[in-house]
Student: 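Mind looking over this structure? Questions follow.
Residue numbering restarts at 1 for every chain, and letters A, B, ... go by the order of the sequence lines. All values below were derived from every heavy atom in this structure, side-chain atoms included, with hydrogens, water molecules and symmetry-related copies excluded.
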Protein chains: 2
Amino acid sequence: MAPNAHSDIETLIEMMARLPGLGPRSARRVVLHLIKKRAVLLLPLAQAMQRVAETARECSRCGNIGTTEICEICTDPERATGTICVVEDVADLWAIERGGAFLGRYHVLGGTLSALDAVGPDDLRIPDLARRVRDEGISEVILALNATVDGQTTAHYIADELADTCVALTSLAQGVPIGGELDYLDDGTISAALKARKGF
Amino acid sequence: MAPNAHSDIETLIEMMARLPGLGPRSARRVVLHLIKKRAVLLLPLAQAMQRVAETARECSRCGNIGTTEICEICTDPERATGTICVVEDVADLWAIERGGAFLGRYHVLGGTLSALDAVGPDDLRIPDLARRVRDEGISEVILALNATVDGQTTAHYIADELADTCVALTSLAQGVPIGGELDYLDDGTISAALKARKGF
Ligand SMILES: [Zn+2]
Ligand SMILES: [Zn+2]
């Protein structure tokens with residue numbers, strides 16, 4: 001683009017280029033596409049983003065993203081109250097929900113312990129988990145963490161933290177490949193791993 | 001995601017998933033990332049889109065995208081007025097501008113002739129091109145179309161249309177691979193092809 005020309009468009013391209021999975025080239029293509037479809041795509045997308053920016057919030061209980069103080073999964077009376085499935089990330093929660101095999105509730109850590117990135121237990125929702133297990137009368141905690149080094153380190157840390165609560169700890173079993181990340185698996189694999197879960 | 005839950009977020013994911021190069025999985029990742037960085041990313045992005053939606057427009061002379069009736073390239077007094085570089089798409093114009101070797105003006109066709117997609121000359125900016133060549137005293141038209149079947153069909157059609165104007169027709173030469181698309185080439189290749197352009 002010409003230097004100093006149409007800086008609003010350049011700004012938009014630069015912002016899009018920083019999104020995960022995009023880069024300068026795809027950002028340029030997306031922005032051109034949006035401009036070509038201004039009425040049916042660009043304006044509605046700007047408005048949808050504005051609405052989400054105004055309404056999206058983290059559930060204060062489980063860390064899921066929704067539009068209310070306590071999310072729809074936490075308040076759903078149909079869901080089992082005795083089981084918590086611990087995930088790293090909301091993307092993992094969504095992946096398990098798509099599988100449709102889990103009917104309990106969740107706890108979203110917001111990442112994994114990481115010495116390299118200086119992420120400690122208090123940077124995650126780990127203290128909250130121990131509190132929930134005690135306060136909500138939880139009988140089973142499913143550790144649905146990624147099969148990565150950091151994921152498994154975090155799982156062991158949580159197991160230690162919950163050792164004195166006599167809650168049953170299980171982890172996803174069959175079907176999760178070594179080094180695999182939940183959000184990249186097909187829905188059937190996740191459901192199978194969940195059904196075949198074993199003691200941790 | 002749970003059925004009927006947080007429909008604003010689902011709507012946003014569905015819209016993002018339809019953008020070129022994205023899909024459901026990348027759309028989910030992008031939207032989660034945006035929600036996590038609501039203040040520094042989601043809100044500014046929504047506002048940048050809104051601004052572009054309000055200000056972006058096609059140059060009425062060349063079809064470039066800018067913010068004014070006639071774009072900054074068309075009105076730049078430093079640029080040669082006798083040469084027009086014909087491109088399929090604004091993305092190709094940007095690619096040539098990044099190369100920095102072309103100092104004339106452009107004409108953006110808005111696509112290529114295509115029997116399959118029923119795109120005829122009047123669906124593109126081809127009649128405007130013939131008019132510009134006559135009215136603006138153009139001495140050279142560079143046909144910088146993609147080295148695809150449709151691109152080359154379009155180049156030949158334009159050559160026929162301009163046959164009676166005695167304008168010099170050239171095309172990009174060295175460096176454009178068969179079947180290659182301009183927007184995927186590196187900047188140096190485009191500049192070299194432009195410098196080595198030959199009679200059409
Ligand atoms: Zn919740
Ligand atoms: Zn122009």
Student: Got a sec, which residues hit ring-ring contact (aromatic ring centres under 6.0 Å, His included) with B:H156, two or more places apart in sequence or on another chain?
Tutor: B:F200
Student: Spell out the residues in residues 38-46 of chain A that have some non-hydrogen atom less than 4.5 Å away from a non-hydrogen atom of chain B, in order of number; otherwise answer 'none'.
Tutor: A:R38, A:L41, A:L42, A:L43, A:P44, A:L45, A:A46
Student: When only pairs under 4.5 Å are counted, which of A:A48, A:A56, A:A91 shares the most heavy-atom pairs with chain B?
Tutor: A:A56
Student: Heavy-atom distances under 4.5 Å only: say whether A:E58 touches chain B with side chain, backbone, both or neither.
Tutor: neither
Student: Can you sort out the partners of B:R131 under salt bridge (charged side-chain N to carboxylate O under 4.0 Å, His left out), two or more places apart, ordered by chain and number?
Tutor: B:D128
Student: Quick one, A:M49 and B:M16 - any side-chain contact, counting heavy atoms below 4.5 Å?
Tutor: yes
Student: Measure distances from B:K36 to the heavy atoms of chain A and classify the residue's part below 4.5 Å as side chain, backbone, both or neither.
Tutor: side chain
Student: Checking side-chain contact (heavy atoms from CB on, under 4.5 Å) between B:I9 and each of A:V90, A:I65, A:T55, which is the one that passes?
Tutor: A:I65
Student: Calculate, to the nearest 0.5 Å, the distance between atoms OG and CG belonging to B:S26 and A:L22 respectively.
Tutor: 7.5 Å
Student: Can you tell me how far the CH2 atom of A:W94 sits from the CZ atom of B:R25, to the nearest 0.5 Å?
Tutor: 13.0 Å
Student: Using heavy-atom distances under 4.5 Å, tell me whether B:D89 contacts chain A through its side chain, its backbone, both, or neither.
Tutor: side chain
Student: Calculate, to the nearest 0.5 Å, the distance between atoms CE and CG belonging to B:M15 and A:L34 respectively.
Tutor: 9.0 Å
Student: When rounded to the nearest 0.5 angstrom, what is the spacing between CZ in B:R18 and NZ in A:K37?
Tutor: 10.5 Å
Student: Mind listing the side-chain donor-acceptor pairs of residues 106-113 of chain A below 3.5 Å, one per line with the distance, residues two or more places apart or on another chain?
Tutor:
residue : atom : partner : partner atom : Å
A:Y106  : OH   : A:E97   : OE2          : 2.6
A:H107  : ND1  : A:R132  : NH1          : 3.1
A:H107  : NE2  : A:R125  : O            : 2.7

